[in-house]
Structures are given as structure tokens and as C-alpha cells.
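The structure under discussion appears below in the form of C-alpha cells.
Hydrogens, waters and symmetry mates play no part in the numbers below; they use all other heavy atoms, side chains included. We count ligands from 1, going down the list as the structure has it; atoms in each ligand are counted the same way.
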Amino acid sequence: MAVSIRQIHPHFVGEVSGLDLRKPLTPDEAREVEAAMDRYAVLVFHDQDIDDEQQLRFAANFGPRENRAGGTVTRSEDYRLSSGLADVGNLGKDGKPLPKDHRTHLFNLGNCLWHSDSSFRPVPAKFSLLSARVVNPTGGNTEFADMRAAYDALDDATKAEIEDMICEHSLMYSRGALGFLDYSEDEKRMFKPVLQRLVRTHPVHGRKSLYLSSHAGGIVGMSAPEARVLLRDLNEHATQPEFVHVHKWKLHDLVMWDNRQTMHRVRRYDQSQPRDMRRATVAGDAPTVARQAAE
Ligand code: OGA
Ligand code: MN
């Protein structure tokens, strides 16, 4: 069956049919999906009852896997998943929802803030692929914002002002915004800020996008309040309804997004009920700031 894609938002997001992700893709199919990612930035696949291995194999079509070390406060011996997928639902090792005061749960609430995955890493993520294994009955929609369309809609003066700006990103900024402030010395070292350009250019089609994320907490050469006011304004602009798509999860949906061209967030959900969401992350290929590479 041929792959077909229907755009479901005026700016971005394609809904894909004609692929069974339990089976390996042909090279042609993999190229088609990658080209669709460049164009739509978010792709939605329904009815994909896949296991972890199949999810990782699908992700491997688009590049090497990102090393997940350093992105969480959960100790590796407490990981629920051993497959290499990131565990982004609310379950503990015992398969039950984490208690409301659990440190991992409190830290994971950072996903409710608009962000781009791994912008806190020196080489940030390319694609993320999220599979819904158990859908929470209340809330838990994931929202996406098209950062190319948001960039295009800026006025020329703002575009010129921000063109060469460089931001500092750290997990301590996004979590700090929620009042999560206690870190061990090891965590502080792990979450040391990294540099990212504020405006990125897509390597294939050359469109520019605003590279924002709740992990961004400073701009090089600017005072903290001035930087944060500018970042707030840009975030407010970029997440207006016009640029946002809301994904309401159905069991076995798989949604993949390009972190270089979009932001996303999950909405609040019922923490007493399970939500099992598993993410494969495709690594980026270079830092966005040349001098970051030397650090
Ligand atoms: C992620 C993420 C949102 C969600 O997987 O990177 O932010 O819906 N998840 O759980
Ligand atoms: Mn995320």
C-alpha cells in the first residue's frame, strides 16, 4: 500500500496512512517519511501496535539514537524501561503511577512547559518519536507549535534584532520555573548550561525557525531580566493558537516531530491513573553554536 499524507493544520502536521510500523520500512518509504518530516515537521500515525524494538528500528531510519544519559534526575537503576526508550509517562518501576510527591514525577512535570527536546544538550535532538501504550483518561494532550511559521510572522526589526542571538539552555531553568530547585552537586554539573542559537536554519529546505524552549534561561551579552522578558515575548508570540496543533491521543498512536522546527508540551492529566508513553530520540548531528563544540 502506498504511503499517503494529509495535512491537518494550516501550517504543519501530516497524518500518515499506508505504513505498518511493525515491519521494516523499504529505503523508499524511509526517504518519503524523512522528506515529509522536513515539510510537515510533525507526523501522526494511527493504529501502530508496536513494541520497543519495532519503535527503535523505525527511529533508526532517521539517524543514530541519542544517548539519554544526563537528561533526568532518575537514577539508572530506577529506570522502568531497559530497551533504551525514554520513559515519559507517569509509571514507576512497579508499573503503577508514581506518587504525587515523587522526585521523578515532579521533575517530569517540566514537560508541561513548551520545549524542544534536549535543547539542554550541546548537540540537541533531531527527531522524537512518541508511542502511546496506555492513554490517560483525563487530559494529557500533547500540543505542538510550528516555529517556522512563528518566525515568518515576526516583524523585520525583530528578525534583525534576534538573528545572531545565542541562548543558554539548562534543565535547571525549565525546572526552576516550576519551583524545582534542589539539585545534588552531580546534577548541577550534569545540567550545566549549553549554548544554542535563537534562530536556526533547516539544513534541507533552508527555512528559518525560532529555536525556543523552556530550557532557555539567558541570552549571551544580555542581563537576565532583559533576556527573560524577550524570551517570554517570543514564546508568547510563537505559541498563539494560529501556530499550535493539539494532538488528542488514541491508544497506539505514534507521533514524531522535528525538534529543530517545533516546540511541544503535554497538558496536565490525572496522576492517579496510568499514562504509558515511550519515546525514541534521534540524535542531532552538530551543535547550533560553533564554539559550543569546543567546550
Ligand atoms: C516528550 C514529551 C510529551 C508527552 O516525549 O519529549 O515532552 O505527551 N512528551 O508526554
Ligand atoms: Mn519533550
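Tally of protein N, O or S atoms closer to the Mn ion (ligand 2) than 2.8 Å: 3.
At a 4.0 Å heavy-atom cut-off, the residues surrounding ligand 1 are Val88, Asn111, His115, Asp117, Leu130, Thr142, Trp257, His264, Val266, Arg275, Arg279, listed by chain and number.
Using the six-membered ring where Trp is involved, Trp257 and Phe144 have ring planes that are tilted, between 30° and 60° apart. Ring geometry for His247 versus His245: interplanar angle of 30 to 60°, hence tilted. In this structure, His205 and His202 have parallel ring planes: the angle between them is below the 30° cut-off, well short of the 60° mark.
Using a 4.0 Å cut-off between charged nitrogen and carboxylate oxygen, Asp276 and Arg80 count as a salt-bridge pair. Classification of Arg31 and Asp28 as a salt-bridged pair holds, one side-chain N sitting under 4.0 Å from a carboxylate O. Salt-bridge formation is detected for the pair Arg197/Asp164: a Lys NZ or Arg NE/NH1/NH2 atom is positioned less than 4.0 Å from an Asp or Glu carboxylate oxygen.
Taking the ring centroids of Phe243 and His11, they lie under the 6.0 Å cut-off.
Counting heavy-atom neighbours within 6.0 Å of Arg103 CZ, excluding the residue itself, gives a total above 12.
Because its NZ or CZ atom is both nearer than 6.0 Å to the ring centre of Tyr151 and within 45° of the ring axis, Lys159 counts as a cation-pi partner of that residue.
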